[in-house]
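The next block holds one structure in the form of structure tokens; read it before the comments.
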Amino acid sequence: MNLSPLHLCLLFSSALFCVGLIGALSRSNAILVLLGVELMLNAGNINLIAFWRYGPAPAEGTGILFVLFAIAIAAAEAAVGLALVIAVHRHQRNIRLQEANRLRG
Amino acid sequence: MSAPAANPLPLLERLPVALRDACTNWLPESWRWLANSLLSIVAVFVVFATLFALLTLAERKILGRVQNRPGPNRAPLPFLGLRTYGLAQPLADGIKMLTKEDIVPRGADRVLHFLAPVALLAFSIMTFAVIPYGRTLLPVELDAAVLYFFAAGAATELAIFMAGWASRNKYSLLAAMRALAQLISYELPLLLSVVAVVLEAGSLSTSVIVEKQGAWLFGILPQWHVFTPWGFAGFLIFFVAALAESNRSPFDLPEAESELIAGHLTEYSGFKYALFFMAEYFGMCALSGMGVTLFLGGWQAPFPALGFIPSYCWFAAKLLALLFVFMWIRATFPRLRIDQLTRLAWKFLVPLALVNLFTAAFWVLSAGWAGPLAFARWVVAGALVIGPFLALGRRLSAGLGPRSYRYA
Amino acid sequence: MSLAFLLIAFLTVATAAVAMALRNLIRSALLLVASWAGIAAFYLWAGAEFVAFAQVLVYVGAISMVVLFAVLLTRPSRDEAEVTPASAGRLLPALITGGAVLGVLVGAIVGSPLRTTAKPPPPVTVREIGLQLMGPHAAALVVVGALLTVALLGAVVIAATSRPADPGEPR
């Protein structure tokens, strides 16, 4: 089997994606779930860079711009997500997700 | 290292690079770049480690002078017994630090407790890589050098958190939180004042930024950024923020010697404490070097006639002058309270830096104005700097009478 | 394939996996920061300098701080930040799902003939990125700026306590 560098980059990103997925599904702590999602987002960014690097039109730098925007979105997501975690903690004194099942504060 | 200029440089200017090439010429071509980079790293490290040792002495001497006492002057040189104005004091300090017991609290997170000073020092050394020390002396030529500088500096916050958490001492953790609040608050004006320079120079590369400050007005006056309205304001904002970022007085609350024990460094002793100390001085040197590069013309000579002095000498002179101001300020100003500290950052420096960004944009857009319009350009830019300064300063000090303490 | 890439990939995935399995939340978060730094190293390896530094600045500098502060604010007891490990009832389905997804992804990647250009990394300078951002992608840039502002305000509103401040509080 002969794998190109692009294949290896994609395998790397899918491994990272699955680590994030397993973490987000198995842990009950809200912060860890959020970090797992964050990891999956990063794996997506790796794909963008890999396709930019080995793709047909690397001179345009579209992949770089995509990743820059994705990083900005991820920062916003982390800020809002962690604010939500803190709000949940204020209501129920812990951040276990299986207990966060009420819509009313 | 950057490529040499077209016309042959004088001998003194070429000397460091020539020395390096003489050392690595015998190596095969493929290995030479590695040897060259290693030599640059060693040179930077040796120079700044020596500077650190001398700075600790200079700081104590200067503080002593300001307070009308001689400062350290007793440590004799080993085996000679000569008391050369305390020049051997750094040596004595080093031996004392190295031979002290290294205490780790019983409940501490040993790995993180060890990792914190190491990470801090490693990242503060990394910031030295992109500062142009001379016309031909730039360790790493990067397209995004300014971004690299602040990315490497961002890891110091992590190290401080690690130190506070790993000590397992609630006072350490509280102090680390306070230090982080301070660092994060002042990161903003620091970056915003730098963005103005990037806007002017149109580049994130430090070598380009220095080159752009190389022109002469009327053939005699230097065109450094600090000599423009926005550059002057930007430099002051940068300098105040740099004071706070490097935990220097009057912003040294995180480890206020006379009030807290040592803040997040409470549980550190011996060599690890020395590493923190060293990283702090390195951070101060790196920020000063960046300030010199961005605002004070880097390695450019102040007058065309003085161009025969090698560029790295000018850089060193500016750096040392800036470091002297750091120490002077430490000897002069009292410490701020934590509320005054955050107030100064968020209500004064951040808005001022934002306005300064507009001023810099105006300056760039009006670059082509000539004749009386050039005069108008200075007036408008100056008004844009002084007006907000006065308005914000009035608001900052409004209602700040003597404070009544409820719990004291 | 260069050794550097394999090393970066291994370290990144390993730190992420260990971080997801640890009980100590602070160590988890710090290991994840190491993993993010590893991803930045990958960007450097791939020749995307600017993105690498942006990744370090945003993730190692900013997001890590928010995460660590959140961990400290929500820890169960004063002294430690330990949480219960994943229960078997959650871990098993998670592992099965993750393994299945990984299997599908790996199968798809290995099975697809990806044409690659063997050119060296193209030099995309910061200047070009800036021109692209300000030219064709200016609208997206404005939207991202607005989004970040709204997210920041929203985060402050959500996380701030509704308790009125003590009127006697010193300013």
Side-chain angles (χ1 to χ4, degrees), chain A residues 1 3-8 10-12 14-23 25-29 31-32 35-36 38-39 42 45-46 49-50 52-56 58-59 61 63-65 67-69 71-80 82-87 89-90 94-95, chain C residues 1 5 9 12-13 16-17 20 25 28-29 32 36 39 42-43 46-48 50-51 54-55 58 62-63 66-67 70-71 73-74 76 83 86 90-91 93-95 97-98 101-102 105-106 109-110 114 116-117 119 121-122 124 128-129 132-133 137 140 144 147-148 151-152 154-155 158-159:
Chain A
M1 192 168 62
L3 289 178
S4 70
L6 179 55
H7 277 108
L8 284 177
L10 295 184
L11 288 178
F12 166 42
S14 28
L16 207 60
F17 183 87
C18 289
V19 168
L21 183 66
I22 293 171
L25 288 179
S26 66
R27 303 304 294 259
S28 57
N29 185 293
I31 293 178
L32 275 175
L35 289 179
E38 202 62 52
L39 214 51
N42 266 301
N45 285 353
I46 290 176
I49 286 290
W52 160 76
R53 168 79 168 74
Y54 295 106
I64 290 180
L65 294 173
V67 174
L68 285 179
F69 285 127
I71 287 177
I73 305 287
E77 180 231 314
V80 175
L82 290 166
L84 281 173
V85 168
I86 290 171
H89 180 262
R90 213 172 38 240
N94 65 48
I95 50 170
Chain C
M1 203 60 197
F5 168 77
T12 306
V13 175
M20 281 294 152
L25 269 182
S28 253
L32 262 177
W36 288 330
I39 293 170
F42 167 78
Y43 293 156
F50 190 82
V51 176
Q55 166 98 3
V58 171
I63 294 185
V66 183
V67 170
V71 169
L73 285 175
T74 60
V83 291
R90 289 170 73 91
L91 186 60
L95 277 178
T97 318
V101 171
L102 186 66
L105 281 176
V106 168
I109 290 166
V110 172
L114 293 164
T116 59
T117 49
K119 280 181 293 185
V124 176
E128 277 170 44
I129 296 175
Q132 291 255 341
L133 276 179
H137 300 275
V144 165
L147 177 93
L148 279 175
L152 202 69
I158 294 170

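Proteins get letters first, then strands, A, B, ... in listed order; numbering begins at 1 in each. Hydrogens, waters and symmetry mates are skipped; everything else that's a heavy atom, side chains included, is used.
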Count the heavy-atom pairs under 4.5 Å between each of Leu35(A), Val85(A), Leu21(A) and chain C, then report the option with the highest count. Leu35(A)
Just so I understand: if I count every heavy-atom pair under 4.5 Å between each of Ile158(C), Thr74(C), Ile63(C) and chain A, which residue has the most? Thr74(C)
Tell me whether His7(A) contacts the main-chain N or O of Ile109(C) through its side chain, where contact means a donor paired with an acceptor under 3.5 Å. yes
Between Gln132(C) and Ile64(A), is there a side-chain heavy-atom distance shorter than 4.5 Å? no
Where Gly98(C) and Cys18(A) come nearest, the two heavy atoms and their spacing: O-SG, 3.6 Å
Value rounded to 0.5 Å, distance of CD1 in Ile39(C) from CG in Leu39(A): 6.0 Å
Chain A shares the most heavy-atom pairs under 4.5 Å, among Leu147(C), Val67(C), Thr97(C), with Val67(C)
Residue Val67(A) versus chain C: region with a heavy atom under 4.5 Å: side chain
Against chain A, label Val144(C) side chain, backbone, both or neither, depending on which of its atoms sit under 4.5 Å from a heavy atom there. side chain
Most heavy-atom pairs under 4.5 Å with chain C, out of Ala87(A), Gly20(A), Ala79(A), Ser28(A), belong to Ser28(A)
Is chain C contacted by the side chain of Leu32(A), its backbone, both, or neither, given a heavy-atom distance below 4.5 Å? both
Could you check which of Leu102(C), Leu91(C), Val66(C), Leu105(C) has the highest count of heavy-atom pairs closer than 4.5 Å to chain A? Leu102(C)
Would you mind checking which part of Ser28(C) comes under 4.5 Å of any heavy atom in chain A, side chain (CB onward), backbone (N, CA, C, O), both or neither? side chain
Could you tell me whether the side chain of Arg53(A) and the main chain of Gly47(C) form a donor-acceptor pair under 3.5 Å? no
For the student: nearest non-hydrogen atoms of Leu25(A) and Ala94(C), plus distance: CB-CB, 3.6 Å
Let's test your reading of the structure: which of Ala17(C), Ala54(C), Ala159(C) forms the most heavy-atom pairs below 4.5 Å with chain A? Ala159(C)
Under 4.5 Å from any heavy atom of chain A, what part of Ala62(C) do you find: side chain, backbone, both or neither? neither
Heavy-atom distance under 4.5 Å between the side chains of Val19(A) and Met20(C), does that happen here? yes
Closest heavy-atom pair, Ala48(C) versus Trp52(A), reported as atoms and distance to 0.1 Å, is CB-CZ3, 3.9 Å
State, yes or no, whether a side-chain contact exists between Asn45(A) and Val51(C) at a heavy-atom distance under 4.5 Å. no
Below 4.5 Å, heavy atoms only, C-beta onward: do Ile71(A) and Gln55(C) meet side chain to side chain? yes
Rounded to the nearest 0.5 Å, the CD1 atom of Ile31(A) sits from the CG atom of Leu25(C) at a distance of 6.0 Å
Heavy-atom pairs under 4.5 Å with chain C: which of Asn42(A), Leu68(A), Ile46(A), Ile73(A) has the most? Asn42(A)
Plane angle bin for Phe69(A) and His137(C) - parallel if under 30°, tilted between 30 and 60°, otherwise perpendicular: tilted
